[in-house]
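A quick write-up on the structure given underneath.
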Amino acid sequence: MADKRAERIAELIKPLQVKPGSKVNLGKDFDPAYKAGVLKKKDGVELLQTGIALLADYQRRLAAQDSYGVLLCLQALDAGGKDGTIRHVMSGVNPQGVRVSNFKVPSAQELDHDYLWRYARRLPPRGDIAIFNRSHYEEVLVVRVHPENLRRQKLPEECKGKDVWDRRYREINDWERYLTDNGFRVVKLFLNLSNEEQRTRFLKRVDLPERNWKFSPADARERERWNDYQRAFSQMLSATSTPWAPWYVIPADRKWFARICAAAVLAHTLIDIGPQYPEVSKERRQELLTIKEDLVAQAPKGAPADPFQAEQEAKARAKEAKRVKAKDAKAKNAKAKNAKAGESKAGDAKADAGARAKELAGAATVPGQEAADGSRPDGARRRAPRASRARSQTAAPGETAAPGQTARGQAPGRSRDATSSRAAPARPRTRRPRANGQPS
Ligand code: AMP
Ligand code: MG
């Protein structure tokens, strides 16, 4: 089951990964409207719930194991859906094990340090997941598109030459490798929004008063630099998707699909880490049992010795009783069904016997001629119902029947046309299985 889920997740995210070493042209290589095989939003709801439950489970293990940490970096253009993705994807996890950091224009104190300093300060401790809402990648995105940001960083002259971006890519890769080598996984998601979808979302932020706070004239100005950002993103993805920390380009035009993908990439990482609850040593177990003895001895009069254990046992008993009851009900149902089937078989046999008796009585009549009660001698009997059906499908004089319909517009074989009253008495047609098991 877990393996199946892991496989499904791996399959879903495979086309989203930027192959380390590949050269990305964002506009050509990744479609913001891609949605894999997931056809509709409602199909995606279940998928996201599965992902969220899986994340919650793995986060508990991650915390208990207290050995690995996870850093999730989210990058996107404005209105790319970073906030919503965090809100939905992390909705099932224990807030105590997650810390979200937003990175905005650096403060004076932050500008007084090397550019990675403020990010390093927000790295996760072991057992935790840290989310960077914007990340150290802003240092090769907004800072590159607007070089005045670099000037504010107070770098010595020889450190801000033309090679500064290639150097930063290398430094970032090295930093992430260092983190990975020390048990901190770096997960990188770029929410890839189309130009038109950004325009739509901006307009929504203008049109809805309760969204106005999310929109600023600066956002509109940044949109004018769309192509510069696309280029900066493409270069960043090409240079910093590494085997230890690959980028995933998340199609972001459909928020619901972006959330599924984000949850899937994070889940994939956690599954890969495979955190386990710590094993308890024999000595430690013995120690716990000694403490238990002491606690059991402290039970007040009338109270169960171990209330938790008593509750567990009561639950187990209730569960077993429910299971047995369901099993009994199923057996009873099956028995009733069999009995009913037996009854109708007996009824058939009775009807057969009656018909046979009538046939014998009518055997005295001339073959082909009807007995007084309308029944026919043997031989004619079996064909009679079909003949009557054929007659009933024939339109009465003056009436035309539509193809496949009787004169009265009934379905063939269901006719109660008067013509059929001349046929042998109707007998329930029981289907006898053929030797090969197919119904005849
Ligand atoms: P928001 O996330 O929409 O609240 O906006 C935060 C703003 O801070 C964005 O316009 C970012 O481009 C900007 N920002 C983030 N990191 C940096 C940085 N290192 N240098 C300059 N601007 C930044
Ligand atoms: Mg903004």
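Keep in mind that this is a model prediction, so the values were computed, not measured. Indexing begins at 1, ligand by ligand and atom by atom, following the structure's order.
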| query | So, is the end of the Arg61 side chain (NZ or CZ) under 6.0 Å from the ring centre of Tyr58 and within 45° of the ring's axis? | reply |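 Flagged: Arg61 positioned over aromatic ring of Tyr58.
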| request: May I ask you to check whether Trp247 and Phe30 place their ring centres under 6.0 Å from each other? | output: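 So the answer is no for these two rings.
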Quick one: does [X] get an N or O within less than 3.5 Å of an N or O on ligand 1?
| X | result |
| --- | --- |
| Lys104 | yes |
| Val105 | yes |
| Gln153 | no |
| Lys82 | no |

| said: Is Tyr119 close enough to touch ligand 1? Criterion: a residue heavy atom under 4.0 Å from a ligand atom. | reply: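 The answer is yes, since Tyr119 has a heavy atom less than 4.0 Å from ligand 1.
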Side chain, backbone, both or neither: the part of [X] lying under 4.0 Å from ligand 1 by heavy atom:
| X | value |
| --- | --- |
| Pro106 | side chain |
| Leu141 | neither |
| Arg118 | side chain |

| task | Could you tell me whether Arg231 and Asp228 make a salt bridge, using a distance below 4.0 angstrom between a side-chain N and a carboxylate O? | result | yes
| query | Does a salt bridge link Glu197 with Arg201, judged by any charged N lying under 4.0 Å from a carboxylate O? | reply |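 Counted as a salt bridge, because a side-chain N and a carboxylate O are separated by less than 4.0 Å.
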| message | Go through it in stages, so that I can follow the logic: the residues are Arg170 and Asn173, the test is side chain to side chain donor-acceptor pair (under 3.5 Å), and I'd like the CA-CA distance, side-chain angles, deciding distance and then a yes or no. | response | CA-CA 5 Å; Arg170 175 175 53 78; Asn173 287 343; over 6 Å; no
| said: So, applying side-chain hydrogen bond (donor to acceptor under 3.5 Å, both in side chains) with Tyr115, which one of Gln153, Glu171, Glu110 is it? | reply: Glu171
| query | Given side chains that start at C-beta, do those of Ile260 and Trp256 come closer than 4.5 Å, heavy atoms only? | reply | yes
| field | Among Glu222, His146, Arg134, Glu148, closest by any non-hydrogen atom to atom 2 (O) of ligand 1 | value | Arg134
| task | Measure from atom 19 (N) of ligand 1 to every heavy atom in Glu138, Arg152, Glu139 and give the option owning the shortest one. | result |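 Among Glu138, Arg152, Glu139, the closest heavy atom to atom 19 (N) of ligand 1 belongs to Glu139.
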